[in-house]
Amino acid sequence: MLEVRLKHMRSAVRLAKFALDHGETPVACVFVHEPSGQVVAYGMNYTNESLSGIAHAEFMGIEQLRERFGGGEELMCVMRDVVVYVTVEPCVMCASALKQLEVGKVVFGCANERFGGNGTVIRVNGDRCTGGRGYVAVPGILRREAIMLLRYFYVRSNERAPKPRNKAERRLDRNAFPSLPWSRYIGRESFVEEFGEKMLCHFDDSTDIFGDLVDWDLIDEPCDWILEHLKTQCQEFALHRRKKIKLEV
Amino acid sequence: MVKKALNPLKIDYKKCIIEDRLLQIRSKQNLNEPDLARVWTIEIEAKSSKPIIDFIRRRLQPDDPLTFTHIKRIRKKARDSKKLVIIVCSYDLFNSRSSVCSVLAESNVFFENLSDESEIPRQGAPTKELMLEWSRKYWPLTWCGNPNDQILNDYTFDMNHINKMLGSISNLAQLEADKGNKVPVVTAFVNPLEKDKPIYAIDRRMEGKCTPLDHSIMTGIKLIAGKEKKSNRTQAYLCLNYDVYTTHEPCSMCSMALIHSRIKRCIFLQPMQITGCLKSSSGDAYCMHDNRLLNSKYEVFQWLGDEYKIPTVDAKTCC
């Protein structure tokens, strides 16, 4: 299971790196149809391009699904089987949107310290007031890579700021990472289901399951090919699904 | 800003109601528990207090995101009458010891025990009793009245315009219901620079091509984004300082979308007890617009009058 999680999160991280290289906030996601293991949609932040503060990666993914499957029952049907892999914890708005669409599961890299909706600020995915179906959120997959991409972004935008506030904020930190308080995001049972009992020490110590490793190549190499790669995968899924529906009819 | 007595609006400061119609919505949690901020303190000889205070006012206060008007900056050190403890600045201004030290060095005043262990309430207490309690617990405060009185007094309201907008959304919602829209929720977005050109948005989730996420607030923000994009204007934030009028209290997604859009104010007509995310008594009491953990806020008011009828929507609907 961990290998599958890593495979898809690598795509999301590459897409976030693509966003960074093209002047956007480095946050991205891929939507994976769990039963078939196929990528069905992807998204990256486009708040700068669209001028809209709500143009988050998750909404781009949802919009792609709406274009292919319409907005009604077929969309909900696909969403129930979808695992969203997103580099940064969904904000409260996106966490709420995914719950209202009854997403299967959310897997994310690092916490969203300011707006996190899967446990950091509010735990929308398990609340009562948001409609839809509650979902499990799994944090900590390629967490350090996701954090590093955000740090690259902030160092860059600080350089451009007219009056950078102090030196500490401009220095790129490659070594220190905050701890990961797992229980804020995921229950003990769900953690074991996801990672196995052997990993429980990380749950209790708030440490990364991958230790101190950071895959520098993944976040430093340019990856402009990722967009075409994901597009092709999404088209394949749509074709396959249309055939299947025709056969069933 | 006018003096309280000269304000032409009728304000009930106790119940937080303006003109008997607009109820200010705030988080209950923020009323009785202080929101604490870490500050840097130093100890000095009593005789150095004037030069160091002058220095702090001139060199640090102008840049400090925290205000200290409700705080006594100086307090006596326990068991040492010749020493004073002084607040230098907030931890928000400088988060490293070395930065504070290097600035203080410019003052040429001798100090000891630079510490970041003290915490002070970010705002004054709402009552005298709480002010005394917080003074004992955290740091000596001054009493300058309930800070919310000043906030209420400083708000501006164009009651004619508000009435007009609420009338319009109520009418539109009724039209939608008559047309058969099962979720007749309507929102108006008003740009402060173009008050006479409101943008109306309707809940579209029941329409063929739309998704269950097409609530009126979301469709409205997208509509504005499209218009702005065409006009080639560039603004830091899309709905910066907008006033938003909506028929039903927004859900978690929409109340957060309004934070992302940096609106100034939201006025709603109908509370949604199960799904609403603004009132303390609604939903899971998120009070999204006034939630300390989210570092951005907007003003919220509920219209209390019964002038504007709106069609009912199912109680479990997220609006």
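Side chains included, hydrogens not; waters and symmetry mates left out as well; all remaining heavy atoms used. Residue numbers start from 1 in every chain, and the chains themselves are labelled A, B, ... in the order their sequence lines are given, proteins ahead of strands.
Q233(A) CD: more than 12 foreign heavy atoms inside a 6.0 Å radius. Taking a 6.0 Å sphere around CD of E189(A), one finds it holds 12 or fewer heavy atoms contributed by other residues, nucleotides or ligands. Within a 6.0 Å sphere centred on CD of Q273(B), other residues, nucleotides and ligands contribute 12 heavy atoms or fewer. Crowding of R97(B) atom CZ: a count of heavy atoms from other residues, nucleotides or ligands under 6.0 Å exceeding 12.
Atoms CD and CG, from Q100(A) and L213(B) in turn, are 6.0 Å apart once rounded to the nearest 0.5 Å.
When side chains are defined from C-beta on, D127(A) counts as touching Y286(B), because their heavy atoms get closer than 4.5 Å. By the 4.5 Å heavy-atom criterion applied to side chains, D284(B) and V124(A) are not counted as neighbours.
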Criterion side chain to side chain contact (heavy atoms under 4.5 Å, CB included) on L75(A) and T211(B), from CA distance to verdict
CA-CA 8 Å; L75(A) 172 74; T211(B) 77; 3.9 Å; yes

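Nearest heavy atoms, I54(A) versus H260(B): CG2-CB, 4.2 Å. S52(A) approaches A225(B) most closely through the heavy-atom pair CB-CB, 3.9 Å. Between P212(B) and M76(A), the shortest heavy-atom distance links the atoms CG-SD, 3.9 Å. The nearest pair of heavy atoms linking M218(B) to M93(A) is CE-SD, 3.9 Å. Between I259(B) and F115(A), the closest heavy-atom pair is CG2-CE2, 4.3 Å.
For residues 311-319 of chain B, heavy-atom neighbours of chain A at less than 4.5 Å comprise C318(B), sorted by residue number. Among the residues in residues 249-257 of chain B, those with a non-hydrogen atom closer than 4.5 angstrom to a non-hydrogen atom of chain A are C251(B), S252(B), M253(B), M256(B), A257(B).
For C91(A), the part lying near chain B is the side chain, with the backbone staying farther off; criterion is any non-hydrogen pair under 4.5 Å. Of the two parts of I62(A), only the side chain, counted from C-beta on, holds a non-hydrogen atom closer than 4.5 Å to a non-hydrogen atom of chain B. M288(B) touches chain A through its side chain: at least one heavy atom from C-beta onward sits under 4.5 Å away, while N, CA, C and O do not.
Under the 3.5 Å distance criterion, the side-chain polar atoms of R66(A) are matched with a main-chain donor or acceptor of K209(B).
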